Enquirer: 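One structure coming up, written as C-alpha cells, with questions to follow.
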Amino acid sequence: MKDQQLMSLLNQMTLEEKIAQLQQLAANFYEGAEEGGQITGPMASMGITDHMVESSGSVLGLSGAAQVIAVQEAHLRKNRLGIPLLMMADIVHGFKTIFPVPLAIGCSWDMERAELSAEIAAKEAAVSGVHVTFAPMADLVRDPRWGRVMESTGEDPYLNGRFARAFVRGFQGSDLTGDVNRLAACVKHFAAYGLSEGGRDYNTVDLSERQLREYYLPAYRAALDEGAEMVMTSFNTIDGIPISGNVKLLRQLLREEWGFDGVLISDWGAVKELIPHGVAEDEAEAALKAIKASVDIEMMTECYVHHLPTLVADGQVDESIIDEAVLRILKLKQRLGLFENPLRGADVEKEREVIFCEDHRTAARELAIKSCVLLKNDLVLPLAAEQRVALIGPFAKSGDILGPWSWLGSTEEASRLATAMKTRAGAGKITVAEGSGIDSFTEEQWLEAKAAALEADVIVLALGEHSEMSGEAGSRSDIRLPEAQRELLQRMKTLDKPIVVVLFNGRPLDLSGVIENADAILEAWFPGSEGGVAITSLLYGDENPSGRLTMSFPVSVGQIPVYYNHFNTGRPLAPGADKRYVSQYLDIPNEPFLPFGFGLSYTTFSYSEPILSGEIMTKDQPIKVTVTVTNTGNVQGEEVVQLYIRDISGEVVRPMKELKDFAKISLSPGECRKVSFTLTEEQLCYYHSDLSFSSDPGQFKLFVGPNSQEVKERDFRLTLA
C-alpha cells in the first residue's frame, strides 16, 4: 500500500475508528484466541465494547501461528476497512530458544553473537505470528537492587549503545518489509528508567537535563539511529512529570529534536497511571496529557477510547493530532507488509521446524559460554575428568535457569547442570544433593549434602536467586545470596574440600559470605535454555571463560550506586591525604568489589605500554593508540582489550574514566598481538552546562587494560586552534 493510499484510508475512518487504532488490548479480547472473549477481573471493568475491539489496532501477548491466523482472519472479517492488527509481545532474550539474560549477553562483549540472538528470537517469534517485540531495553543501570538490571546490558552508555544497535539489527534486519523472519523493534524504556530512586521499580527519577543527555539518552538514540521502529515510554517521572505525559521529553526532544516519526507506545497501564502520579485528575485529563505528549498507543488502559471523542468535540484536542498518531501506526503496518500479507510470517508447518531447533540451541549454548564470567579461581578450575565431584545446591538439578522475560521458554526442556556434568564426566564421577532450597535449609538436607561432599575430591555449589527475585517488580534491598545458601556454603567450608560456586542470578550480588568461603566463583547469570551444557564446558576447561563484567559488583549494598565512570570530589581519597576529612566510608572501600570490565580466564595476559602516534590531537588529527597483548599462559584464551579516557579539566566535572572503544581478541599460548585504536576529537565531546555538545582543549589521560581498574596510562593534549 502506497502513502497516498494510507491517506485515503485515514480519510475514510470515523473518529471512533481512528481512536480505536490507538488502543492496545490483551489477546483474550479477540475471537480466535484460546481464551478469546473470557474477559474477567480488571479487564471486565474497562468498558471495552465489541466495536472498539473490532476497530482496535494492536494485540498484546498473542503468539502461536494458529492463534494469530485465527485472530487476524476473524478481525479482518469484522473490521469495516480491513485494517490488520499488529501483534506485539515481549521477546526479550529469546522466544522458545532462550538466550542468556541481556545483562549476561552484555558480559560477552560480543556484538555479532548478540545480533544473532536477536535474529533467532525474531525468526521464532515471526513464524509464530508476532510482528513487534518490546526490546531492546537500552536503560543505563547503576543500581543492582533494581530487578530490571537483568534486562539491560550494564552501566556504560557507550557499550549499551553498541548492544542496542546490535539487537535492533538482529530483530529488524535490512528489509523489514520483505523479510518476514524479522520483527519491528521497540526500544525501551524512554527514558532513564534505570535511575529509579532506591532501586525500586516504577519509582521516581530526578536528574539534570545535562546528565540525562550525557549518560541516559545515548543508548536510546543509538537504537533509533539503527532504525528501531518504535519507542516505549517508561513508568517513571523526570523533573516531576511522568513520561507518558511529558511533552518536553516526548514531543519536543524525541519527535522534534531527534526527528523520530515512528510509533510511541505507553508501557502497560502507564497512561492511566498519570492519575495516581498526581498530574491528572481523571481519565479524561490523562488522555489529554498523553495525546498531547504524542503517545500513539495506549497499552491496556482505556483513557483514549472513552475520552478522546469528547476532548475532540470540546476543542481540547485537535483531530489532526489523532490523525498523526493513526498515520504513524498505519505506516508501521505498511512497513511490515501487513496490508498485502496480514498473516505475514505466521506458518503452522514451518513453526514446528524452526522453533527450538538444534541450530538455535547451539547458538544459545555458544552465547551462554561467552556470557559467563569467572570471578575467582584459586587453582581449582578447570576440573579434571578423573575428579569425583559433589554437585550440591538448589540449582544443581533446577530448570529455573532461563530468567525473567523468558515468556515461552520451557524450564522442563532447559539443560540442567547435573545432567550435563554426568554426561561430560560420567555418572559415577558426579554425586548430586540438593543441600538447601533457595531460601530454606534443613538438617536433613545438610546431612545428605555432607555425605556427598565427604566422598568427593571437589565440591561444586550451584547457588543463586530464583527467577522471581529479579526482573520487573523484582527489586531487593538485600542483594546477598539468601541466608539458607550462605549457611550451606559456610558449613561446606568446614569440610576442607575445594569449593567451586556457580552463581545463577539476574543482578550483581553482594558476595559477602561467598567470596571468603569459595575457592572459585563462576558467574553464570541466568544462562538460558542451554545453560547446563554451557557451564559444564567451562567447568571442565573444554571452553575458556571470556566474559567481562558490564556492571560493577559492590562490596556492600551501602555503596550503591557504585560504578566505574564516577566523578571525583574536591576531597578525594588519595595517598598522603588526611584520612578523616576526605570522601570515603569509614568501614568499607570506595571502590567496587569487582569493577566494570573485570573477568578472569584459565590463561593470563600481559600488556605492553601503550604507544601513541602523537601526543597532540586536533579536530583533523586523531591519535592512534597501539598496545601489544601477550597470552602468557598455557591455553588459548580471549581477552577484551579496553580503551578509556579522562578529561582532566572540563567546563563541567568529567568522569574519572570513560570507555571509548574495545577489542575482543583470541590468542594462543605465547602469542602476541598488536591492538590499535583510533581516538578522535569527536569522542572527546560532551554536554556542557548550556547543553551544547563539544570538546574542550586541554590535557587528557588515556588508559588501556583488561578492566576499568587495571590499566596502563598515557597523556595527550587536545588543541583546537
Side-chain angles (χ1 to χ4, degrees), residues 24 27 57-65 67-69 71-72 84-99 102 105 113-138 151 163-189 220 223-224 226-232 262-265 267 296-297 299 328-347 350-351 354-357 360 363-364 405-409:
Q24 181 164 95
S58 59
V59 184
L60 174 65
L62 180 67
S63 72
Q67 276 198 96
V68 167
I69 291 169
V71 167
Q72 189 76 282
L85 289 163
L86 278 168
M87 308 295 177
M88 305 190 192
D90 289 281
I91 316 300
V92 174
H93 56 108
F95 183 74
K96 175 72 171 180
T97 305
I98 304 300
F99 289 82
I105 295 176
R113 292 184 192 276
E115 181 177 339
L116 179 61
S117 74
E119 181 181 344
I120 288 172
K123 188 174 184 179
E124 292 192 353
V127 78
S128 295
V130 179
H131 305 143
V132 177
T133 175
F134 298 130
M137 184 174 116
E151 207 175 337
F163 275 110
R165 282 180 173 272
F167 289 135
V168 171
R169 287 194 302 270
F171 286 129
Q172 294 191 174
S174 58
D175 179 15
L176 187 59
T177 303
D179 189 349
V180 298
N181 292 316
R182 303 288 183 156
L183 304 175
C186 176
V187 63
K188 62 183 184 184
H189 305 85
Y220 307 116
L224 296 179
E226 198 62 43
E229 293 284 352
M230 287 182 60
V231 173
M232 178 185 285
V263 174
L264 182 59
I265 186 171
D267 208 334
D296 298 320
I297 298 178
M299 184 193 293
R328 285 191 285 262
I329 295 167
L330 295 179
K331 283 183 175 179
L332 178 56
K333 295 180 180 185
Q334 176 194 47
R335 281 192 288 276
L336 286 163
L338 293 178
F339 289 104
E340 291 74 23
N341 182 13
L343 303 182
R344 193 165 158 81
D347 188 320
K350 192 176 178 182
E351 191 176 31
V354 168
I355 291 178
F356 209 51
C357 68
H360 293 179
W405 294 119
S406 53
W407 188 33
L408 294 177

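Source: prediction; values computed, not measured.
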Enquirer: Does any non-hydrogen side-chain atom of T97 lie less than 4.5 Å from one of I355?
Expert: no
Enquirer: Given side chains that start at C-beta, do those of E340 and T177 come closer than 4.5 Å, heavy atoms only?
Expert: no
Enquirer: Within this structure, what is the OH-CE distance for the pair Y220 and M232, rounded to the nearest 0.5 Å?
Expert: 12.0 Å
Enquirer: List the steps, then state whether side chain to side chain contact (heavy atoms under 4.5 Å, CB included) holds for R165 with E115.
Expert: CA-CA 8 Å; R165 282 180 173 272; E115 181 177 339; over 6 Å; no
Enquirer: Give a yes or no on whether the backbone of L343 and the side-chain of Q72 come within a donor-acceptor separation of less than 3.5 Å.
Expert: no
Enquirer: Give the C-alpha distance, both sets of side-chain angles, the deciding distance and a yes or no for salt bridge (Lys or Arg N to Asp or Glu O under 4.0 Å) between K96 and E124.
Expert: CA-CA 7 Å; K96 175 72 171 180; E124 292 192 353; over 6 Å; no
Enquirer: Between SG of C357 and CD1 of I120, what distance do you get to the nearest 0.5 Å?
Expert: 7.5 Å
Enquirer: Check for a donor-acceptor pair, side chain of K123 on one end and backbone N or O of V354 on the other, with a separation under 3.5 Å.
Expert: no
Enquirer: Donor-acceptor check, side chain of R182 to backbone of G170, threshold 3.5 angstrom: yes or no?
Expert: yes
Enquirer: Under 4.5 Å between any side-chain heavy atoms of M137 and V92, yes or no?
Expert: no
Enquirer: Please round to the nearest 0.5 Å and tell me the distance separating atom CG of L60 and atom CG of D90.
Expert: 7.0 Å
Enquirer: Tell me if a side-chain donor or acceptor on Q334 pairs with a main-chain N or O of L330 at a distance below 3.5 Å.
Expert: no
Enquirer: Between the side chain of K333 and the main-chain N/O of G57, is any donor-acceptor distance below 3.5 Å?
Expert: yes
Enquirer: Taking the side chain as every heavy atom from C-beta outward, state whether R328 and L332 have any atom pair closer than 4.5 Å.
Expert: no
Enquirer: Any non-hydrogen side-chain atom of F95 less than 4.5 Å from a side-chain atom of F356?
Expert: no
Enquirer: Please examine the side chains of W407 and S63, heavy atoms only from C-beta on, and report whether any two atoms are closer than 4.5 Å.
Expert: yes
Enquirer: Looking only at heavy atoms, what is the nearest atom pair of A346 and G129, with distance?
Expert: CB-CA, 3.7 Å
Enquirer: How close do C186 and V231 get, counting heavy atoms only, and between which atoms?
Expert: SG-C, 3.6 Å
Enquirer: Which heavy atom in L176 sits nearest to a heavy atom in A184, and how many Å separate them?
Expert: CD1-N, 3.9 Å
Enquirer: Does the pair E151 and K188 meet the rule for a side chain to side chain contact (heavy atoms under 4.5 Å, CB included), with working shown?
Expert: CA-CA 10 Å; E151 207 175 337; K188 62 183 184 184; 2.8 Å; yes
Enquirer: Starting at CG of L336, measure out to CG of N341 and round the result to the nearest 0.5 Å.
Expert: 10.5 Å
Enquirer: Is a side-chain N or O of Q24 found less than 3.5 angstrom from the main chain of I265, in a donor-acceptor match?
Expert: no
Enquirer: Considering non-hydrogen atoms only, spot the tightest contact between S117 and I105 and give its length.
Expert: OG-CD1, 4.0 Å
Enquirer: Run the side chain to side chain contact (heavy atoms under 4.5 Å, CB included) check on L86 and L338 step by step: do they pass?
Expert: CA-CA 8 Å; L86 278 168; L338 293 178; 3.7 Å; yes
Enquirer: Can you check whether F99's main-chain N or O pairs, donor with acceptor, with H93's side chain at less than 3.5 Å?
Expert: yes
Enquirer: Which atom pair, heavy atoms only, marks the closest approach of V168 to G227?
Expert: CG1-C, 4.3 Å
Enquirer: Are any non-hydrogen side-chain atoms of L183 and V130 less than 4.5 angstrom apart?
Expert: yes
Enquirer: Specify the closest pair of heavy atoms between A122 and F171, including all atoms of both residues, with the distance to one decimal.
Expert: CB-O, 3.8 Å
Enquirer: Can you list the steps and then say if L85 with L62 is a side chain to side chain contact (heavy atoms under 4.5 Å, CB included)?
Expert: CA-CA 11 Å; L85 289 163; L62 180 67; over 6 Å; no
Enquirer: Side chain of E226, backbone of A166: donor and acceptor closer than 3.5 Å?
Expert: no
Enquirer: Is any side-chain heavy atom of R344 closer than 4.5 Å to one of M87?
Expert: no
